[in-house]
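Ligands are counted one by one from 1 in listed order, and the atoms in each one are counted from 1 as well.
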Amino acid sequence: MKFIDEFRDVELAKKLVSRINQLSTRPTRLMEFCGGHTVSIMRSGIRQLLPPTVEMLSGPGCPVCVTANADIDKAIALASLPDVIVTTFGDMMKVPGSYSSLQQARAADADIRIVYSTQDALQIARNNPSKSVIFIGIGFETTAPTIAASILEAEKEGIKNYHVLCLSKLCPPIMKALLDLGELKLDGIVCPGHVSVIIGSRPYEFIPRDYGVACAVSGFEPLDILLTVEMLVKQIETGKPNVEIAYRRGVNPQGNKTALVLMDTVFDIGSADWRGIGIVPASGLKIREKFERFDAEKSFSITTKPPLEPKGCICGDILRGVKTPLDCKLFRKACTPEHPVGPCMVSSEGSCAAYNQYGNE
Ligand code: SF4
């Protein structure tokens, strides 16, 4: 298959592994920020291929996993209002909130529908003019432009019953927050591929400049990731941290101007609540005042009880990279994909789900 097979070539992979082995002389700790990378690394056994000097940790780049329980509780409360249809990506359905999940709310008669895009949600709003249709807007810079576009489209068409619970989050500010926390001594970061298609590689420049940490943007195939690791190890071994792009077929330094303009038109920067990290200023997107009639938080009045974390679940620590799923006492025991205790076991990009499916431990 074009653009797939050539990035899974075994001989090329062996050559890259051999180069990483030659280059790496000292303990090196890398974080793959993105959950998509964690899944690819686990599926292709990359951790086992790397020399013992190179350690790879998973980061907070799973949009479902980092959604705080307080925000999931809000989505469930919105779904419980009369004449409301909540629309959401499928991964969110099974994620346990503090007291319930969207799936349980649907079983209790709430009208909650799985959609594959904001366009689907908008169509549901067109088809149901007597109901309020709320899209649960989770995700990073990858999905934010499509949410922005849906709001602009709703405005242009005069659709009055479409709303967004805007939980969009931004990657560079949370990378900074993790580095400032100082819990991990990171040498390099595998920067997210899809996010960087939108924002480019420039927003990461503060990382090598201010923290001396190497950066490279990676694609999602095994060779993309090995090439990224090679770039990072080289930067670290030569003492020249930088921002490189190992995903040139998708990413350029300046990003996608059209998408960035869309985001800037509709959103303002605001704080966001991250599971395991808490409220981080300027790490999320808020709907601008000009478009506030589309903002579910401003259009509906809901009350929620104080959020609770699932007992025994260490998703927060896993998302900060300080623990792995193997450190969780509930992993593959009380917590399985069929009966998930925390979001990292639910999401297709969650570390616990990836360790469960591909780990041999
Ligand atoms: Fe949470 Fe389950 Fe992962 Fe443990 S295995 S951290 S309970 S999601």
### Query
If hydrogens are left out, which of P340, C328, A353 has an atom nearest to atom 4 (Fe) of ligand 1, that is, the closest non-hydrogen atom?
C328
### Task
Find all atoms of ligand 1 within a distance of less than 4.0 Å from any non-hydrogen atom belonging to M345, and give their numbers and elements.
8 (S)
### Summary
protein heavy-atom neighbour closest to atom 1 (Fe) of ligand 1 works out as C313 SG, 2.4 Å
### Task
Give a yes or no on whether C315 keeps an N, O or S atom under 2.8 Å from atom 2 (Fe) of ligand 1.
no
### Message
Is C335 close enough to atom 3 (Fe) of ligand 1 that one of its N, O or S atoms comes in under 2.8 Å?
### Response
no
### Among E244, K240, E230, the one residue meeting side-chain hydrogen bond (donor to acceptor under 3.5 Å, both in side chains) with Q235
E244
#### Entry: Axial cation check for F206 ring with K176, 6.0 Å and 45° limits
no
### Task
Give the residue, atom name and distance (to 0.1 Å) of the protein heavy atom nearest atom 3 (Fe) of ligand 1.
C352 SG, 2.3 Å
### Message
Can you confirm whether more than 12 heavy atoms, excluding those of K286, are under 6.0 Å from its NZ atom?
### Response
yes
### With T304, the side-chain contact (heavy atoms from CB on, under 4.5 Å) member among L78, I76, D73
D73
### Task
Could you tell me which atoms of ligand 1, counted from 1 in the order shown, lie closer than 4.0 angstrom to a heavy atom of I318?
6 (S)
### Message
Is the ring pair H163/F300 parallel, tilted or perpendicular, if the boundaries are 30 and 60 degrees?
### Response
perpendicular
### Query
Of the options S283, P192, C215, which is the one that meets M175 in a side-chain contact (heavy atoms from CB on, under 4.5 Å)?
P192
### Summary
shortest atom 6 (S) of ligand 1-to-protein heavy-atom contact is with I314 N, 3.4 Å
